[in-house]
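Notes follow once the structure below has been shown.
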Amino acid sequence: MHHRGLYLCRNSIATFLELESHFDRLLHSCSSLTNLKQIHSSLITCGFVRQSPHLGAQIIIKYSNFRDPEGARSLFDDIHHGPNSFLWNTMLRAYANGGHCSQALELYSLMRKTAIEPNNYTFPFVLKACASESLSIHGKLVHCDVIRTGFNSDLYVEAALVDMYAKCGLIDDGQKVFDRMSKRDLVCWTAMITAYEQAERPQDSLSLFNKMQQEDLSMDSITAVSVASAVGQLGDSKKAQSVHAYVIRNIFLWDICVGNSIIAMYGKCGDVEKARLIFDRMTEKDGITWNSMLSGYTQNGLASEALLLFHQMQASGSKPNPVTALIMVSACAYLGSWQLGRKLHNFIIDSEIELDTTLWNAIMDMYAKCGDLDTAVEMFNRSHSSERDVSSWNVLISGYGMHGHGNEALELFSQMQEEGVQPNHITFTSILSACSHAGLINEGRKCFADMTKFCVIPEAKHYACMVDMLGRAGLLYEAYDLIKNMPTKPNDGVWGALLLACRIHGHGELGEIAANNLFQLEPEHTGYYILMSNIYAASSKWHEVGKLRQNIKSRGLRKPAAFSVIEFGKEVHGFHTADQLNPYSREVYKRVESLAVEMKMVGYVPDRSCVLHDVEEEDKEHILNYHSEKLAVAFGLMKIDPRTAIHVTKNLRVCNDCHSAFKFISYIYRRKIILRDANRFHHFQGGLCSCKDYCLADGTIQEYPESRLQVEFTLLLLQMRVRWWTREFHKELKEDVRFFPGAPRSTKDSTTGPNATTWKNLAMNRGRKISVLSRPACSTLYANLKEGIGNLRRFMEEPRTLWKILEIPRLFLDLPATRLA
DNA sequence: CTAGGGTTAG
């Protein structure tokens, strides 16, 4: 082909038109950059290049399609442009479409200097360049040129101005241009509708859409995409259905984008089934169709469905892109599945998906949320500071916070400032919640006060962190004052934090205030009714409890189902409360029953207040055993190598009773249990939890938690002459709680048994103070000890039957059997 | 001969 072109030139037979149409055909069938360069050079050789601006323009466009703006520019510079702006416009188009906005603007200013008059074609290209990099100042200057040259009533130019202002974030200026237009077509309506949608103002976007319909304009597929996206932002399932219906009625030719945006819309409105219906009906799909469906699943907590679909996607040969990777990494983070997360990480590396900062951050976050903080830290350290952005720091700060390492989080926060990284609103959410989890109240107060120094305006979520922190520490009125002085209206997060604090400290008055606000804000949220009814129950206001229960019933509300996940080798096991679907459920059921007996022997007392059903006291205890997290931990005890930690993830907050049980289990069986709940991580080891019981206790951080006291005390009893001591201790308990708090009343002979001194010594040997226990904690402990000892006595009386039903904990086997006889 | 509005992740 190349040679034929030259032949035609040499023989000079061909007319201008013949040559032009010849090259036209060549360009039409040109399919590679190399091919294009050949055509370009043969045009130069025959000297025809300067003759036909038409061909020049074609080649410029082709170059830009092959993403080679330099090639386009070299041709452009070669040509004698003549006095009109045609080729300039084409070159501007090449720059603008390729996203080379500074080159486009340079060329535009060169054009102005060369005194070439811009026309109605010039402005849309230049404005597009300004829009793509949000250069509003340049955009405004171009707007001046538009007015000066009199193109301000050209429909295309006006639409481009609207779009430019919107993309630069100057939506009001865009609206002004839009309002002044004498005639509006679908494109500029869509531009304006999209502008509001992109600005996350879905209401404005949709009301504009309604106005458009009143002008008898119907949408096309591009409008449909924006409208669907706006409805998705609203999360209004009813509106989603009407948009869907409207699209079916008014757009006869669906393209993939419409299908994709409808899938995304349904996903965001919580209607995954409908999304899947569309997905299955789409005969042609692209990468975004996948991704939209996957994120629909993950946004609705259906991570396992997402994983299944991802699997099918790979099986069908579709290639995941970086966005797919991001969605799936977050699904693993949600599930807390380290195995799956690790697999996915390897997959990303193997399939050479580009690991940009966003994806890198998501993977770090995934590891932190799967309990593997070390790997997250290592990844952070391995990245160069140039590859880090604010989110990288945020991810690690919140990771430390989740695991209860408040000081590390604070250290990272100051390190970040030393490196000149500007903290944003998310940084402050992370650092405040880290302070809250670690009980670092003064540090938290200081961070909150410093926010304005960093030009971050405290939002409701920051107030919620503060209320949570102060509230847990028992500073309920300080928390309430903070809420009252909020510059904006307190939201559900803020009141929810106060309500939780009131539950912890049994404060009915403030609890009612918080609850009444919450019932108005979120009338469908079951958790708030339950929290408030717990507060009433704690102060025996049964009438009020009944009223709330009735309220829940009449609204037809249900508590979200609790769910716990545990990994075992390559298997991932999920447990629901009282689950019978799990293949191991029989074994697990037996194990939780025996666990309860074993734990009671060392002083565990089931916390029946954690059962909210209206059932007999004895049944309550039974129900506690079948909590999803207990089932998962029991499974872990049976199946997982004792040298490795048991990792469990729960979708809701851990229940108080399970929290206490896991402390016992970690002590008795010498197992490390790492539990992720909806709020944070709990690392159980040796009878202690890393959260220092901050989530449950009355605010005083106990250096010596009650569970540990109970365990050690009971073991002490076992090691001594059991029968006798049990009886003696029982007597002692009846008299008084001598050893808590403060000094013992009298010092008995230490050889006679575990009196106050024995206790003190026991505690001292471990470098602990007993006196840190507060009075309410003491009375609970006292009651629990009493019940625990009662249990122990009953067991002692029938040791033989007991051993039969138990898998005897190793610790007991270590004890000489004679002592028990 | 050259023109304007778009979908997934956080």
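Chain A is the first sequence line, chain B the second, and so forth, proteins listed ahead of strands; every chain is numbered from 1. Values below: all heavy atoms of this structure, side chains included; hydrogens, waters and symmetry mates excluded. Remember, predicted model here, so these are calculated numbers, not experimental data.
For DNA chain B, the neighbouring residues in residues 193-203 of chain A, judged by any heavy atom under 4.0 Å, are T194(A), Q198(A).
The side-chain hydrogen bond (donor to acceptor under 3.5 Å, both in side chains) analysis of residues 61-75 of chain A, with sequence neighbours excluded, yields the pairs H40(A)-Y63(A), R73(A)-D77(A), R73(A)-Y95(A). Sorted by first and then second residue, the salt bridge (charged side-chain N to carboxylate O under 4.0 Å, His left out) pairs with a member in residues 176-196 of chain A read D173(A)-K176(A); sequence neighbours excluded. Judged as a side-chain hydrogen bond (donor to acceptor under 3.5 Å, both in side chains), the pairs with a partner in residues 297-312 of chain A (not counting sequence neighbours) are, in order, R276(A)-Y297(A).
When heavy atoms are screened at a 4.0 angstrom cut-off, N119(A) is found touching no nucleic acid atom at all. Within the nucleic acid shown, N89(A) comes within 4.0 Å of at least one base atom, counting heavy atoms only. Among the heavy atoms of the strands lying under 4.0 Å from I222(A) is at least one base atom, whether or not backbone atoms are also near. Across all strands, L294(A) comes closer than 4.0 Å to no nucleic acid atom at all (heavy-atom distances). Contacts of L359(A) with the nucleic acid, taken as non-hydrogen atoms under 4.0 Å apart, are absent. Within the nucleic acid shown, N321(A) has no heavy atom closer than 4.0 Å to any nucleic acid atom. If you check every strand for non-hydrogen atoms under 4.0 Å, K285(A) touches nothing.
Looking at N361(A), its side chain has no donor and acceptor atom pair within 3.5 Å of the base of dG10(B). For T223(A) against dG6(B), no side-chain N or O and base N or O form a donor-acceptor pair under 3.5 Å.
If you take OH of Y266(A) and C1' of dT7(B), they are 16 Å apart, rounded to a whole angstrom. Separating the CD atom of Q233(A) from the P atom of dG10(B) is a distance of 14 Å, rounded to the nearest angstrom. In this structure, CG of L87(A) is placed 9 Å from C1' of dT2(B), rounded to the nearest angstrom. When rounded to the nearest whole Å, the span between CD1 of I79(A) and C1' of dT2(B) equals 13 Å. Separating the CG atom of L309(A) from the C1' atom of dT8(B) is a distance of 13 Å, rounded to the nearest angstrom. For the pair K183(A) NZ and dG4(B) C1', the interatomic distance rounds to 13 Å; values are reported in whole Å. The CE atom of M366(A) sits 16 Å away from the C1' atom of dG10(B) (whole-angstrom rounding). Taking atom CG on L127(A) and atom P on dG5(B), their separation rounds to 10 Å, with Å as the unit.
Of the candidates dG5(B), dG4(B), dT7(B), the closest approach to any side-chain atom of V225(A) belongs to dT7(B). Of the candidate nucleotides dC1(B), dG5(B), dG4(B), dC1(B) has the atom nearest to the side chain of F86(A). Nearest to the side chain of H54(A), among dG6(B), dC1(B), dT2(B), sits dC1(B). The nucleotide whose nearest atom lies closest to any side-chain atom of C188(A) is, among dG4(B), dG5(B), dT8(B), dG4(B). In the set dT2(B), dA9(B), dG6(B), the nucleotide with an atom closest to the side chain of D255(A) is dG6(B). Distance from the side chain of D185(A) is smallest for dG4(B) among the nucleotides dG6(B), dG4(B), dA9(B). Each of dG4(B), dT2(B), dG5(B) was ranked by its minimum atom distance to the side chain of D220(A); first place goes to dG5(B).
Under the 6.0 Å cut-off for aromatic ring centres, W290(A) and F310(A) do not qualify, their centroids lying 6.0 Å or more apart.
A ring pair (Phe, Tyr, Trp, His ring centres under 6.0 Å) with F380(A) holds for exactly one of Y367(A), W393(A), W360(A); it is W393(A).
A tilted orientation is assigned to the rings of F151(A) and F123(A), their planes being inclined by 30° to 60°. Note: Y266(A) and H244(A) have perpendicular aromatic rings, judged against thresholds of 30 and 60 degrees for the angle between ring planes.
OP1 or OP2 of dG6(B) has at least one side-chain nitrogen or oxygen of K167(A) nearer than 4.0 Å. Residue S295(A) places at least one side-chain N or O closer than 4.0 Å to OP1 or OP2 of dA9(B). Residue Q299(A) has a polar side-chain atom (N or O) positioned under 4.0 Å from OP1 or OP2 of dA9(B).
Judged as a ring-ring contact (aromatic ring centres under 6.0 Å, His included), and not counting sequence neighbours, F125(A) has no contacts. Scored by the ring-ring contact (aromatic ring centres under 6.0 Å, His included) test, Y165(A) finds H143(A) as partners (sequence neighbours excluded).
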